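Here the structure is a predicted model, which means the values were calculated and not measured.
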Amino acid sequence: MQERIRQVAGSSCIRQRIVQAAIRLHSEFGFRKTTVADIARGASMSPANVYRFFVSKQAIEEAVVADLFEWGSVDRSGRRLTSQSRGARIASGVCG
């Protein structure tokens, strides 16, 4: 049971890393010019690994929008302008 909890927490960390990379790249290059391969590189993983967590670029975009609406705006580097990010909360409790 505890192993399953660790797997789920690890998956959350990886998904958040992908979303954060997408936010950074979109703010720098725009949505249309950012590819899944770019996002994978920004998250330090292969495109195949990105597709393990998101079925398409559209799915990544939906996660980006949900993340931004849930936690507030970001600056051009992808850092939050408001409350602590979900990724930081996960990292402080689980991803360390």
Heavy-atom side-chain proximity of Glu61 to His26 below 4.5 angstrom: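 In short, these two side chains touch, coming nearer than 4.5 Å.
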Non-hydrogen side-chain atoms of Ile14 and Arg52 separated by less than 4.5 Å: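 They are not in side-chain contact.
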Smallest separation among heavy atoms of Pro47 and Ala40, with atom names: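 That closest heavy-atom pairing would be N-CB, 3.5 Å.
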Non-hydrogen atoms of Ala63 and Phe54 that approach each other most closely: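 Where Ala63 meets Phe54 most closely, the heavy atoms are CB-CE2, 3.6 Å.
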side-chain hydrogen bond (donor to acceptor under 3.5 Å, both in side chains) partners of Thr35, counting only residues at least two apart: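 Thr35: side-chain hydrogen bond (donor to acceptor under 3.5 Å, both in side chains) contacts with Asp38.
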By ring-ring contact (aromatic ring centres under 6.0 Å, His included) - contacts of Tyr51 (at least two apart):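 Not a single residue meets the ring-ring contact (aromatic ring centres under 6.0 Å, His included) criterion with Tyr51.
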Distance, nearest 0.5 Å, that separates CG of Leu25 from CD1 of Ile60: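 Answer rounded to 0.5 Å: 10.5 Å.
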Ala21: partners by side chain to side chain contact (heavy atoms under 4.5 Å, CB included), with sequence neighbours left out: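 Partners of Ala21 by the side chain to side chain contact (heavy atoms under 4.5 Å, CB included) criterion, ordered by chain and then number, come out as Arg24, Ile39, Ala43.
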Transitive ILVMFWY side-chain link Val65 to Phe31, under 4.5 Å: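 No, it is not one cluster - the side chains of Val65 and Phe31 are not joined through contacts under 4.5 Å.
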From Met45, Lys57, Arg17, residue fulfilling side chain to side chain contact (heavy atoms under 4.5 Å, CB included) relative to Val50: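 Testing each of Met45, Lys57, Arg17 against Val50, the sole residue satisfying side chain to side chain contact (heavy atoms under 4.5 Å, CB included) is Met45.
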